Amino acid sequence: MEIIIASKNKGKIKEFKEMLEPKGYLVKSLLDFDEEVEIEETGKTFRENAYIKAKSIADKYHVMAIADDSGLEIDYLDGKPGVYSSRWLGEDTPYTIKNQEVLRLMDGINNRTCRYVCCIAIVQENKEAIIFEENVEGEIAMEANGNHGFGYDPIFYYPPLGKTMAEMKDEEKNAISHRGKAVRKLQEWLEHE
Ligand code: IMP
């Protein structure tokens, strides 16, 4: 069965493929379309954005569309960057710079709790949308470490394993991550469809 992931983020698409292709799904993404597909993320929550993305692809291509919206919430920064995680400081700004800025804002701050959140929306024509929301709790590290993963992973410290997300192997991250948990919910749902 073909699933279209309504995303152009290579890091995220890779994680979806790793988790869904072994189960026999043909995973495509917005990178596989010749035409430019631009979807405005106008929602104020991860849920709203996941729904907006999946709905626009389902309506346009008449397929089952799956979209995720995810991001980093830092408690001391009132949940920022949140739904603006990829746009924060500019969409094209390298994460080395974004991560250094987070570390600067958190300098001397003891309350470093944060979480990654992932919402996955499944939208099919003429059916009610389904949305799964999952998260993983962590702390903003004192310094950036590791070079796996993507985005904020080098500064996302995961206390139970004593390392950052960027120091984890792919399987390790997928086993505990917000996206890993939400994708497992999606897999269960797909199996019963
Ligand atoms: P989206 O593509 O609009 O859902 O934005 C997701 C953004 O949240 C990414 O571009 C990253 O900035 C951040 N993010 C979400 N999940 C992860 C992750 O697993 N690792 C690192 N950053 C993440």
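Each ligand, and each atom within it, is numbered from 1 in the order the structure gives. No experiment lies behind these values; they were computed from the predicted model shown.
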Check: Is a salt bridge present between Lys185 and Glu188, judged by a nitrogen-to-oxygen distance below 4.0 Å?
Finding: no
Margin query: Is the contact between Lys53 and ligand 1 made by the side chain, the backbone, both, or neither, using heavy atoms and a 4.0 Å cut-off?
Written below: side chain
Item checked: Check ion pair Lys80-Glu73 (N to O, under 4.0 angstrom) -> no
Notebook entry, point to check: Of all the non-hydrogen atoms in the protein, which one sits nearest to atom 12 (O) of ligand 1, and at what distance?
Noted result: Tyr95 OH, 2.6 Å
Checklist line | atom 16 (N) of ligand 1: nearest protein contact (heavy atom, Å) | finding: Arg179 NH2, 2.8 Å
Next item on the list: Run the salt-bridge test on Asp75 and Arg112 with the 4.0 Å N-O cut-off and return the result as yes or no.
Entry: no
Item checked: Protein contact to atom 6 (C) of ligand 1 [nearest heavy atom, distance to 0.1 Å] -> Ser70 O, 3.1 Å
Margin query: Please list, in number order, the atoms of ligand 1 under 4.0 Å from a heavy atom of Lys12.
Written below: 1 (P), 2 (O), 4 (O)
Next item on the list: Compute the minimum heavy-atom distance from His178 to ligand 1 and say whether it is under 4.0 Å.
Entry: yes
Next item on the list: With heavy atoms of Asp69 as the reference, note each atom of ligand 1 found under 4.0 Å away.
Entry: 1 (P), 3 (O), 4 (O)
Note to self: Using a 4.0 Å cutoff against the non-hydrogen atoms of Glu41, which atoms of ligand 1 qualify?
What the structure shows: 3 (O)
Next item on the list: Could you walk me through whether Tyr152 and Tyr116 pass ring pair (Phe, Tyr, Trp, His ring centres under 6.0 Å), step by step?
Entry: CA-CA 10 Å; Tyr152 298 95; Tyr116 277 145; 7.3 Å; no
Note to self: Checking side-chain polar atoms at under 3.5 Å, does Glu125 have a donor or acceptor matched by the opposite partner on His62?
What the structure shows: yes
Check: Which atoms of ligand 1 have any heavy atom of Asn9 under 4.0 Å away?
Finding: 10 (O)
Check: Which atoms of ligand 1 have any heavy atom of Lys173 under 4.0 Å away?
Finding: 18 (C), 19 (O), 20 (N)
Next item on the list: Could you tell me whether Asp170 and Lys14 make a salt bridge, using a distance below 4.0 angstrom between a side-chain N and a carboxylate O?
Entry: yes
Next item on the list: Answer side chain, backbone, both or neither: which part of Tyr116 comes under 4.0 Å from ligand 1, heavy atoms only.
Entry: side chain
Checklist line | Which residue and heavy atom of the protein sit nearest atom 20 (N) of ligand 1, plus the separation | finding: Asp153 OD1, 2.7 Å
Item checked: Within 6.0 Å of CG in Asn110, more than 12 heavy atoms from elsewhere -> no
Note to self: Would Lys98 pass as a cation-pi partner of Tyr95, given that its NZ or CZ must be under 6.0 Å from the six-membered ring centre and within 45 degrees of the axis?
What the structure shows: yes
Note to self: Tell me whether Glu172 is salt-bridged to Lys163, with the criterion being a basic N under 4.0 Å from an acidic carboxylate O.
What the structure shows: yes
Notebook entry, point to check: To the nearest 0.1 Å, how far is atom 22 (N) of ligand 1 from its closest protein heavy atom, and which atom is that?
Noted result: Tyr152 N, 3.4 Å
